[in-house]
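These notes are about the structure you will find just below.
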Amino acid sequence: MAAGGLSRVMVMVAYAMVVAANGGTQAETSRRIQERPHLIYVLADDLGHANVGWNNPAVMTPHLNDLRDSGVALERHFVFKYCSPTRCSLLSGRLPIHVNQENSATEQRFAGIPENMTTMSERIHEAGYRTSHIGKWHVGQATHHRHIPRGRGFDDSLSFFNFGEDHYTQQRGGEAVGVQRFESTPGSQCHGVDLWKDQAPAHGLNGTYGGYLFANEAIRVIETIDPVHDRLFMFLAWQNNHPPLQVPQEFIDRYPKGQQTTINGMSLFLDTAIHNVTEALKKQGLWNNTLLVFSGDNGAYLGNQGNSTPLRGGKFSDFDGGVRTPSFAAGGFLPEAMRGRVLSGANAYIHIADWAHTFMKLAGIADPDSDPRAAAAGLPGFDSLDVWPLVSGEKTTSPRSVVPLTVLPSSERLAVSVPEGHFRDPNYVTGGEGIIDKGFKLLLGTQRKGPFGPAQAAACDAHAGPWKEKTPGVPCACGPDGCLFNLETDPTESKDLAQAMPDKVKELRAKLEALRPSVYFPDRGPLEQAACDQVEKNGGFWGPWLP
């Protein structure tokens, strides 16, 4: 049943029955509910290392700076190198290699998270939380019952399904019938408004800058939460700073001349909007019992004003500029002793997948690793690890020491042709690979600057740093042995150690190769014209085209 099928009262009663069945009294049930924190995940889009103020003083993000300074800075927080896999990883608790490594088209019925994988939002909803998704979704669209937020455990949603859209009109195109992305012709069947409220098109809400819509919806939801009796899980996923680069002019004008770029304005808007949301949490009496985690979904979109300086690479590459994003944990639930701390180095690895286990454990779920439905369907199991002991200061070492970045299936599996009429963008399966292990990173293949450029490039060691916005060190190709970097002594990945340390290359390559058989690499299906036809049926809005 979708989240909307149960009232919050019914869910709380069910949760109380579970506690009682395990020997808990009504008072104990109330105490356990009150001890659990509000859980907020704030995800920025295409946020480069140098697109925030604490890494680049020219960028105005004063409120985010303050949240980071008063919270825990997460300097080794990793994500996938582009959009959809990062979101699938967070919600499913799987590493991208075990859920999704493609930006599949939303007109494919098997795009995103497989139907039989249970999401953390479903489990947290079942634990009695009010659950809300706001902003970019990008983990599926095909059906009402499993692909959209309400089918994945969210009580409330104001969302858009695809990778991006016009920030003001919420219009976007599709990929069916040969129509490509934003260039789709307005008025065609495959062009419409991508904005969805709960179980229906968000008629009457589009036409305003999307960041305002999402901030106002977040504040609306927060104002309905009782700080004593309710617990909130919110996944707030902004479109800033994803193309098209758009922002109200006032946010650009606040910068001094020479720094008045659109993306700087988008970062300032993001900062202001998040400040308004945190102020609402404080006004509602929720902040002192809130854990808020902030990160980007991938690194800077190079060539679209994204800036990874001084890190190498950006979105679409496995260099740290593409997979290590500005991140922190904040909120009153953090222990006092950890506020103002910086977690960095090989003992502080966190992958975005790890927040699924962490949030579920904090929500009082005793068995966060359990997913019998996925197991019965033969799907990959849970990868998420509990990083709260690290973030809270209980332990000084993360449970994660290995971070698989991109791992492609075997060449034999890759060689199997996609069925006639089905779709797989080859740009997403011809890029490079990468793995991090205890301070060392091995990269294989071509590390790209963007998704649609040539797969061939100059050797990576032909580039010389320091890496800047216009000289980011990509695209480049690692040789037959790969590229090896010591992230502890060379965080900008400037010195390739592959020739000097062949045994380390062999060790990491063996670990990467051992993962190939487990890579989840399904046929995502054809581009379905019915998805475009649904736009007309919905009065010009995108939405599910299956029951």
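Everything numeric here is computed off the predicted structure, so don't read it as measured data.
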Salt-bridge contact Glu279-Lys283 (side-chain N to carboxylate O under 4.0 Å): no
Asn51 side chain to Ser267 side chain, donor-acceptor N/O pair below 3.5 angstrom: no
Check: Gln171/Asp194 side-chain N/O donor and acceptor closer than 3.5 Å: no
Side-chain (Thr309) to main-chain (Ala50) donor-acceptor, under 3.5 angstrom: no
Contact summary for His191 and Val535, nearest pair of heavy atoms: O-CG1, 3.7 Å
CD1 on Ile350 to OG on Ser327, rounded to 0.5 Å: 8.5 Å
Short side-chain donor-acceptor distance under 3.5 Å, Asp354 and Thr358: no
Minimum side-chain heavy-atom gap Phe294-Leu47 below 4.5 Å: yes
Cysteine SG atoms at Cys460 and Cys483 closer than 2.5 Å: no
Evaluation steps, side-chain contact (heavy atoms from CB on, under 4.5 Å), between Val474 and Trp467: CA-CA 10 Å; Val474 289; Trp467 317 119; over 6 Å; no
Check against side chain to side chain donor-acceptor pair (under 3.5 Å), Ser84 and Asn100: CA-CA 8 Å; Ser84 180; Asn100 178 29; 3.1 Å; yes
From CZ (Arg150) to OG1 (Thr131), nearest 0.5 Å: 8.5 Å
Over all atoms of both residues, closest heavy-atom pair of Ser89 and His351: OG-CE1, 3.4 Å
Of all pairs that satisfy ring-ring contact (aromatic ring centres under 6.0 Å, His included), the ones with a partner from residues 306-325, not counting sequence neighbours: Tyr82-Phe316, Tyr301-Phe316, Phe319-Phe485
Donor + acceptor pair across side chains of Ser398, Arg76 (<3.5 Å): no
Gln101 side chain vs Val407 backbone, donor-acceptor pair below 3.5 Å: yes
Side-chain donor-acceptor pair present, Arg172, Thr106, cut-off under 3.5 Å: yes
Check: Gly439 main-chain N/O paired with Tyr349 side-chain donor or acceptor under 3.5 Å: yes
Residue of the set Tyr212, Phe214, Tyr209, Phe160 for which ring pair (Phe, Tyr, Trp, His ring centres under 6.0 Å) holds with His167: Tyr209
Side chain to side chain contact (heavy atoms under 4.5 Å, CB included), paired with Trp238, selected from Leu43, Val42, Asp297: Val42
Side-chain donor-acceptor contact under 3.5 Å, Ser159 with His133: yes
Side chain proximity check, Leu95 to Phe80, heavy atoms < 4.5 angstrom: no
Any donor-acceptor pair under 3.5 Å from Asn55 side chain to His49 backbone: yes
side-chain contact (heavy atoms from CB on, under 4.5 Å) evaluation trace for Cys83 with Lys136: CA-CA 10 Å; Cys83 310; Lys136 181 172 172 177; 3.3 Å; yes
For Thr406, the option from Glu433, Lys81, Gln447 that meets side-chain hydrogen bond (donor to acceptor under 3.5 Å, both in side chains): Lys81
Side chain to side chain contact (heavy atoms under 4.5 Å, CB included), paired with Asp271, selected from Asn65, Asn240, Thr61: Thr61
Heavy-atom donor-acceptor pair, Arg152 side chain to Ile113 backbone, under 3.5 Å: yes
Close side-chain approach of Leu484 and Asp496, heavy atoms under 4.5 Å: yes
N-O pairing of Arg312 and Asp320 below 4.0 Å: no
Whether Phe269 and Phe251 hold their rings parallel, tilted or perpendicular, with breakpoints at 30° and 60°: perpendicular
side-chain contact (heavy atoms from CB on, under 4.5 Å) between Trp196 and Ile148, worked out: CA-CA 9 Å; Trp196 193 264; Ile148 67 173; 3.6 Å; yes
Glu217 (side chain) donor-acceptor with Leu158 (main chain) under 3.5 angstrom: no
Short side-chain donor-acceptor distance under 3.5 Å, His77 and Trp355: yes
Backbone of Asp198 reached by a side-chain donor or acceptor of Ser157 within 3.5 Å: yes
Pairs touching residues 337-346 that satisfy salt bridge (charged side-chain N to carboxylate O under 4.0 Å, His left out), sequence neighbours left out: Glu336-Arg339
Spacing of Glu493 atom CD and Asn486 atom CG [to the nearest 0.5 Å]: 10.5 Å
Gap between atom NE2 of His63 and atom CD1 of Ile274 - 0.5 Å precision: 10.5 Å
Minimal non-hydrogen separation, Ser308 against Gly314, with atom names: OG-CA, 3.9 Å
Ring centroid separation Phe333 to Trp388 under 6.0 Å: yes
